[in-house]
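This report concerns only the one structure given below.
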Amino acid sequence: MSEPQDTTAAAPSTTPSAPPVAQRVPTVRTHHGHEFVDHYEWLRDKSSEAVLEHLRAENAWTEAQTAHLSTLRESIYGEIKSRVQETDMSVPVRDGGWWYFGRTVEGKQYGLQCRLPVTDPTSWEPPTIEPGQTLPGEEVLLDANHEAEGHDFFAIGSLDVSDDGTRLLWAIDTDGDERYELRVRDIASGKQLGEAIPNTAAGASFSPDGEYFYYTTVDDAWRPDKVWRHKVGDPAGTSVLIHHEPDERFWVGMGMTRSRRYLVLSMSSKITSEVRLLDMHEPEGEFRTVWPREHGVDYEVEHAVLGGEDWLLILHNKGAQNFTLVAEPASTQTPGRIGDPTRRRPVIQHDHDIRLEDVTAFQHHLVIAYRRQALPRLATLPIDQQLSADEIFESFEPHEISFEEPLSSVWMSGNSEWDQPMLRIGYTSFATPSTIYDYVFDGGELLLRKQQAVLGTYHPDDYEQHREWAIAADGTRIPISLIWRRDLVQPGTPAPLVLYGYGAYEISIDPSFSVSRLSLLDRGAIWAVAHVRGGGELGRHWYEDGKEATKPNSFSDFVAVARHLQANGWTTPERTVAIGGSAGGLLVGAAINLAPDAFGGVLADVPFVDPLTSILDPSLPLTVIEWDEWGNPLANPEVYELMRGYSPYEGVRDGVSYPRILATTSLNDTRVLYVEPAKWVARLREVHAPVLLKTEMSAGHGGVSGRYEAWKQTAFEYAWVLDVLGLADTAPVPSPSA
């Protein structure tokens, strides 16, 4: 490959009159007898000034082409800001002798982590604190605004307090590449203890005695592969390696059980997992394996005390596609093992219609998270510690925590104590702002602690939520979630519509509230979510029917949803904008190659649009891990041809009338490299597609940092979306309930 000449001038100070045209520099890729000439692979070298100048020129062109939307952007930003209670705080969470909570302050980009001492150990009523009010004894543990000074980007990757409340463990990323510098601070004096440890992964934690902490590091492919133990105050280079995972398909993670009895070491690929436990009574001891690695067996472990005995709760999928929950004693006679499979017994049987997702143990209750009818649910199971373990198993009867809205989400939120009498949960829907409850285990009472404030004249009853079903080409029913303003949209009369999708990694797009989304709904747009195969909404089979060889189902499902909504009078093709990010960017990029006439516009955020090039290169971040998701095109010619067939970049065709496209990316993204959308946009421009590229030059996969900057980015994108939908000149309509 020859080096491209720097023919692109620096981003001009005057308005550009034509889009930048990337130089064509042929790079030949040959696999399985197929030769592909890639003219834009040279854009991968982000150290090249020619590449940087090209990205700046793309930004200048995008700014010029959206300049007419500047007033609308300002309006949307103002709308978002006006709805948010900028000086606010979270509901305090009790942990040890303290109540922990977060604060936001008007005008500040980042939050503050704070705490108050527990004054009455017998009370679980969280202290009432007004936003902006400081109470006696309140401490600020970490002010992210102070720590972020001098940095264009800032993110926290680890945050933990020692059990005795005297030490703070925290890690920061100031580039967006998800490599964190880890530090320990003495809370009373504010002094740093020992040296900072650079290049760690997210998720470090203290040992229960606070004398050690555990952290992970990544290899050259950005795969967390090592777990380390470090004594607080010792030099950075003295950390002890306690596990290295050599298999490039697996990455490691670690954390404490809720009981604080065990450190959990998990090693997971996309389809297989292995868990080892370290008894915190012996923090320098050896890890013991719960279930030796077995291909295709995915499991997780929780520690419970039942009738005075230590038990392991194992949620697994062996012979149970949607998972089953079993238990076995933590004792063992086998060296290197923990648990006794000979005494394993069922707790919750497999159910084809219910996907078990998580189990959490408290001293007197278990909490089960599961999914039924495409919605997340929670149930509790009481533990009578006066009974034997066998009697407890016989007495288990789940009680579901239910809500009335037809489309809603519920989750656990901030439950730190082993013996707490209440369960902290979060609840939301497309119309109900995020709401925090304490659920009283004994009696089932729901105590409202806080609902997200939406300033102005917001009324949930102004909005309608609806579940629709499309029929895919193979006859599969695809769920769709919709929300709209009742007074602005009449079902059966076509309206502007945003169609969001993701469809990968068994990630479910569940109902959730969005302040910024109101700027679309209040102008008469419908928001729709296509729950395509590849996600997890309908269980593990839904995921497996949209990965590897069945991955094309995701793309055809998305098109089928768009066609269904248009055929049934919800919208029209020219007034449909598809939105997807990361793997969702692959979804929408592949969809417009399949059916460019089904969409009026596409917003692709950090899109995975050159998947074959990435998955063919084991040296790139996370590639080998991804082979269980997409297949291995290096070894398998059928996978190669399949991916070549759906790659948005390689599938761009001449003579096609593409919809308007806006792609966004970040220069320091380590998950989906900026080069993928840069190449895609260059190729689309060859075929005269109306495409724009916006690159954040100091950000990562999650985009810009800081809430005000994030609102500005959302306003930029939504102004473009409204322009495509024909609503750029439409003002938001005040609530009819005001």
Side-chain angles (χ1 to χ4, degrees), residues 243 245 247 250 252-269 271-282 285-352 354-370 379 381-398 418 540:
H243 179 74
E245 177 53 57
D247 192 328
F250 288 74
V252 299
M254 38 74 63
M256 291 288 173
T257 57
R258 185 169 308 280
S259 64
R260 309 291 285 174
R261 175 65 185 274
Y262 297 102
L263 178 70
V264 181
L265 171 64
S266 60
M267 296 147 286
S268 303
S269 73
I271 60 174
T272 304
S273 60
E274 179 180 342
V275 174
R276 300 176 189 175
L277 301 181
L278 175 64
D279 193 331
M280 286 288 92
H281 292 168
E282 301 178 46
E286 299 294 325
F287 281 93
R288 294 186 291 164
T289 302
V290 175
W291 187 331
R293 196 172 302 184
E294 186 175 335
H295 182 74
V297 175
D298 185 10
Y299 73 96
E300 60 183 57
V301 177
E302 173 70 307
H303 169 236
V305 177
L306 305 174
E309 289 186 83
D310 290 317
W311 283 74
L312 303 180
L313 303 173
I314 305 172
L315 191 66
H316 73 87
N317 70 335
K318 185 171 184 178
Q321 187 180 39
N322 265 346
F323 288 72
T324 185
L325 181 63
V326 298
E328 60 186 59
S331 59
T332 183
Q333 304 300 318
T334 306
R337 291 286 302 277
I338 183 170
D340 185 358
T342 64
R343 292 182 60 194
R344 182 177 294 172
R345 60 173 301 156
V347 180
I348 299 179
Q349 300 283 1
H350 174 261
D351 188 324
H352 181 268
I354 296 176
R355 166 66 160 98
L356 298 179
E357 295 190 319
D358 190 37
V359 57
T360 302
F362 296 87
Q363 184 176 14
H364 297 290
H365 289 82
L366 300 183
V367 179
I368 309 297
Y370 55 100
L381 293 84
I383 300 172
D384 185 346
Q385 296 290 9
Q386 302 301 313
L387 303 177
S388 68
D390 287 340
E391 291 171 326
I392 290 171
F393 288 125
E394 294 297 330
S395 69
F396 273 154
E397 184 175 342
W418 172 246
R540 177 54 68 96

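The first residue of the sequence shown is numbered 1, and numbering continues consecutively from there.
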query = Hey, what's the ring geometry for Trp418 with His303, parallel, tilted or perpendicular (30° and 60° as the breaks)?
reply = parallel
task = Begin from the C-alpha positions of Arg276 and Glu274 and carry the test salt bridge (charged side-chain N to carboxylate O under 4.0 Å, His left out) through to its verdict.
result = CA-CA 7 Å; Arg276 300 176 189 175; Glu274 179 180 342; 3.0 Å; yes
inquiry  = Taking the side chain as everything from C-beta on, heavy atoms only, tell me whether Leu263 gets closer than 4.5 Å to Met280.
reply    = yes
ask   = Can you name the closest pair of heavy atoms from Pro341 and Gly339 and give their distance?
value = CD-O, 3.7 Å
key: Separation between CG of Leu313 and CG of Leu306, rounded to the nearest 0.5 Å   = 6.5 Å
ask   = Does atom CD of Glu309 have more than 12 heavy-atom neighbours, drawn from other residues, nucleotides or ligands, at distances under 6.0 Å?
value = yes
inquiry  = For the backbone of Asp298 and the side chain of Asn317, can you confirm whether one donor and one acceptor N or O come within less than 3.5 Å of each other?
reply    = yes
inquiry  = Do Gln349 and Asp351 make a side-chain contact, defined as non-hydrogen atoms from C-beta onward lying under 4.5 Å apart?
reply    = no
Whether Glu282 side chain and Asp279 backbone form a donor-acceptor pair below 3.5 Å = no
query = Is a side-chain N or O of Tyr299 found less than 3.5 angstrom from the main chain of Lys318, in a donor-acceptor match?
reply = no
ask   = Does the side chain of Glu294 come within less than 4.5 Å of Thr272's, by heavy atoms?
value = no
ask   = Any donor-acceptor pair under 3.5 Å linking the side chain of Arg337 with the backbone of Thr289?
value = yes
ask   = Any sub-3.5 Å donor-acceptor pair from Ser273's side-chain atoms to Met267's backbone N or O?
value = no
key: Min side-chain heavy-atom separation Met256-Val264 under 4.5 Å   = no
request  = Output yes when a side-chain donor or acceptor of Thr324 lies under 3.5 Å from a complementary backbone atom of Ile348, and no otherwise.
outcome  = yes
query = Roughly how far, to the nearest 0.5 Å, is CD of Glu302 from CG of Asp358?
reply = 7.5 Å
key: Steps toward salt bridge (charged side-chain N to carboxylate O under 4.0 Å, His left out) verdict (Asp390, Arg345)   = CA-CA 9 Å; Asp390 287 340; Arg345 60 173 301 156; 3.2 Å; yes
request  = Please answer whether the main-chain N or O of Arg343 pairs with a side-chain N or O of Glu328 as donor and acceptor at a distance below 3.5 Å.
outcome  = no
task = Report the C-alpha distance between Leu265 and Leu278 in whole Å, list the side-chain angles of each, state the deciding distance to 0.1 Å, and finish with yes or no for side-chain contact (heavy atoms from CB on, under 4.5 Å).
result = CA-CA 8 Å; Leu265 171 64; Leu278 175 64; over 6 Å; no
inquiry  = Would you say that Arg261 contacts Val305 through its side chain, given a criterion of any heavy-atom pair below 4.5 Å between the two side chains?
reply    = no
query = Backbone N or O of Arg540 within a donor-acceptor pair of the Asn322 side chain at under 3.5 Å?
reply = yes
query = Any idea which heavy atoms bring Pro398 and Leu381 closest together, and the distance?
reply = CA-CG, 3.9 Å
task = Of all the heavy-atom pairs spanning Tyr370 and Ile368, show the shortest one and how long it is.
result = CD2-O, 3.6 Å
ask   = Quick one: CG on Asp384 to NE2 on His365, what's the gap to the nearest 0.5 Å?
value = 10.0 Å
remark   = Scanning both residues in full, the closest heavy-atom pair of Phe396 with Pro382 reads CE2-O, 3.4 Å
ask   = Okay, side chain of Ser269, backbone of Phe250: is any donor-acceptor separation there less than 3.5 Å?
value = no
Note, Gln385 side chain near Ile392 side chain (heavy atom, < 4.5 Å) = yes
ask   = Are side-chain heavy atoms of Trp291 and Val301 found at a separation under 4.5 Å?
value = no
